[in-house]
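Remarks on the structure that follows.
Chain letters run A, B, ... following the sequence lines, proteins first, then strands; residues in each count from 1.
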Amino acid sequence: MILYVLCFALFLVGVYGLLTKRDLIKIILSTAIMGYAANLFLVLFGYRHDATFPILTEANAGQPMVDPLPQALVLTSIVIELGITALLVALAIRLYQKYATFDITKMRSLKG
Amino acid sequence: MPIETWLIFTMGIMLVGSIVALEIRDVLSAIIAIGIVGLAVSIAFLFLQAPDLAIVQFLFEIFALIILVRAFIGKKAHEDSLASNKTAAVVVGVVLLAILFLCLPIFRALPPFGEPLFITSAHYTKMATQETGAANLVASIILDYRAYDTLGEVTVLFAAILGALTVLRTSRRTQKGKESK
């Protein structure tokens with residue numbers, strides 16, 4: 001249980017950064033932290049004691065395996081996260097070119 | 001040492017690294033701290049018997065570091081110095097701690113660490129080799145049992161990359177109707 005709590009604490013650190021920081025760079029880093037915590041939580045959930053990795057080899061034939069389903073879904077989630085990070089960074093660069101700052105409280109005009 | 005000890009150790013590194021990344025002033029140091037967090041996640045995946053995930057997480061981390069450093073190097077971060085912001089930070093911190101303590105019964109209700117539900121996966125681990133012919137069960141799930149999921153993922157990734165390229169485009173698109181005249 002302590003592992004779940006630590007993982008959730010990591011997620012809450014990300015939420016804290018998202019809510020309190022006014023710097024766009026820090027906000028992007030917060031979303032990355034939340035992503036790590038969510039992925040790690042799902043994989044923690046599929047771990048089995050005394051089980052091997054879910055690849056069939058001669059060495060681990062017949063032994064129990066960890067749950068391959070969360071691993072497969074987290075694999076896709078990690079790749080999506082990279083695309084999202086790239087998109088956020090692109091938006092931040094554009095905003096910096098327009099406003100010459102990363103402070104979100106100074107970005108007030110809606111004009112394109 | 002049992003695996004829990006190692007995982008608690010790596011998670012402690014992650015927590016410290018993420019707090020440092022959020023609180024430090026220097027942009028490059030913050031990005032490097034987030035890199036430490038990501039590589040610790042990769043090591044945690046190795047402990048959790050997920051070699052595919054560890055490799056993908058490692059690659060993701062390197063790519064993310066390259067993107068972040070390339071985009072933000074030399075740019076000055078905003079410095080939070082207002083007093084009102086500090087009170088807001090304290091309030092948010094207290095509320096999040098309260099949420100953490102309120103959620104403790106939920107984690108007690110979850111299946112304990114090391115004993116997963118293993119209902120759908122029981123079929124996969126038993127039948128995957130005969131049904132799909134793949135030795136790697138993760139590959140057999142993402143490419144065979146849940147191939148539509150993967151298709152959707154590729155679509156989302158494509159949309160995100162397309163959005164990034166569109167946002168970053170420097171030359172304005174010329175209107176064809178006006179150009180021909």
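- Residues B:D52 and A:F53 are not in side-chain contact: their nearest non-hydrogen atoms beyond the backbone lie 4.5 Å or more apart.
- Shown here are the side chain to side chain contact (heavy atoms under 4.5 Å, CB included) partners of B:E153, two or more places apart in sequence or in another chain: A:T76, A:V79, A:I80, B:T150.
- For A:F102 and B:F72, the distance between ring centers is under 6.0 angstrom.
- Looking at every heavy atom in both residues, A:T20 comes nearest to B:A88 through CG2-O, 4.3 Å.
- Looking at B:L143, neither its backbone nor its side chain comes within 4.5 Å of chain A, counting heavy atoms on both sides.
- Within the 4.5 angstrom heavy-atom criterion, atoms from both the backbone and the side chain of B:P111 approach chain A.
- For A:A51, the part lying under 4.5 angstrom from a heavy atom of chain B is the backbone only.
- Ranked by heavy-atom pairs shorter than 4.5 Å toward chain B, the options A:T85, A:L88, A:T52, A:I84 are led by A:T52.
- Using a 4.5 Å cut-off on side-chain heavy atoms (C-beta onward), A:N39 and B:V41 make no contact.
- Atom CG of B:L97 and atom CG of A:L12 lie 8.0 Å apart (nearest 0.5 Å).
- In this structure, the side chain of A:K26 does not engage the main chain of B:V27 through any donor-acceptor pair within 3.5 Å.
- With chain A as partner, the option from B:A134, B:A71, B:S18 having the largest number of non-hydrogen pairs under 4.5 angstrom is B:S18.
- Interface remark: B:I3 contributes side-chain atoms only to the contact with chain A (heavy atom separation under 4.5 Å).
- Atom CZ in B:F45 sits 14.5 Å away from atom OH in A:Y47 (nearest 0.5 Å).
- Between the CD1 atom in B:I62 and the CG atom in A:L82 there is a gap of 11.5 Å [rounded to 0.5 Å].
- The contact between A:I93 and chain B is made entirely by side chain atoms (from C-beta outward), counting heavy-atom distances below 4.5 Å.
- The contact between B:V156 and chain A is made entirely by side chain atoms (from C-beta outward), counting heavy-atom distances below 4.5 Å.
- With sequence neighbours excluded, no residue forms a side-chain hydrogen bond (donor to acceptor under 3.5 Å, both in side chains) with B:Q57.
- Of the listed residues B:L48, B:L59, B:I141, B:I67, the one with more heavy-atom pairs under 4.5 angstrom with chain A than any other is B:L48.
- Contact of A:I2 with chain B is made through the side chain alone, with heavy-atom distances under 4.5 Å.
- A 4.5 Å side-chain heavy-atom check between B:L22 and A:I33 finds at least one atom pair inside the cut-off.
- Side-chain contact check for A:V89 versus B:R70: every heavy-atom pair is 4.5 Å or farther apart.
- Clustering of Ile, Leu, Val, Met, Phe, Trp and Tyr side chains at separations under 4.5 Å leaves B:I106 isolated, with no partner residue.
- Interface residue A:E81: backbone and side-chain heavy atoms are both found under 4.5 Å from chain B.
- Only the side chain of B:D149 comes within contact range of chain A, judged by heavy atoms closer than 4.5 Å.
- Taking CD1 from B:I34 and CG from A:L29, the interatomic distance works out to 4.5 Å, rounded to the nearest 0.5 Å.
- Of the two parts of B:F47, only the backbone, made up of N, CA, C and O, holds a non-hydrogen atom closer than 4.5 Å to a non-hydrogen atom of chain A.
- Here the CG atom belonging to B:L110 is positioned 6.0 Å from the OH atom belonging to A:Y4, to the nearest 0.5 angstrom.
- Here the CZ-CG distance, from A:F11 to B:L100, works out to 12.0 Å after rounding to the nearest 0.5 Å.
- Against chain A, the residues from residues 113-123 of chain B that qualify, each with a non-hydrogen atom under 4.5 angstrom away, are B:F113, B:G114, B:E115, B:P116, B:F118, B:T120, B:S121 in number order.
- Side-chain atoms of B:L137 and A:M65, non-hydrogen and from C-beta on, do get closer than 4.5 Å to each other.
- Proximity to chain B is limited to the side chain of A:I28, based on heavy atoms less than 4.5 angstrom apart.
- Only the side chain of A:L19 comes within less than 4.5 Å of a heavy atom of chain B; its backbone N, CA, C and O stay farther away.
- Heavy atoms closer than 4.5 Å to chain B are found in both the backbone and the side chain of A:R48.
- Looking only at heavy-atom pairs under 4.5 Å with chain A, the residue among B:T129, B:I19, B:V138 that has the most is B:V138.
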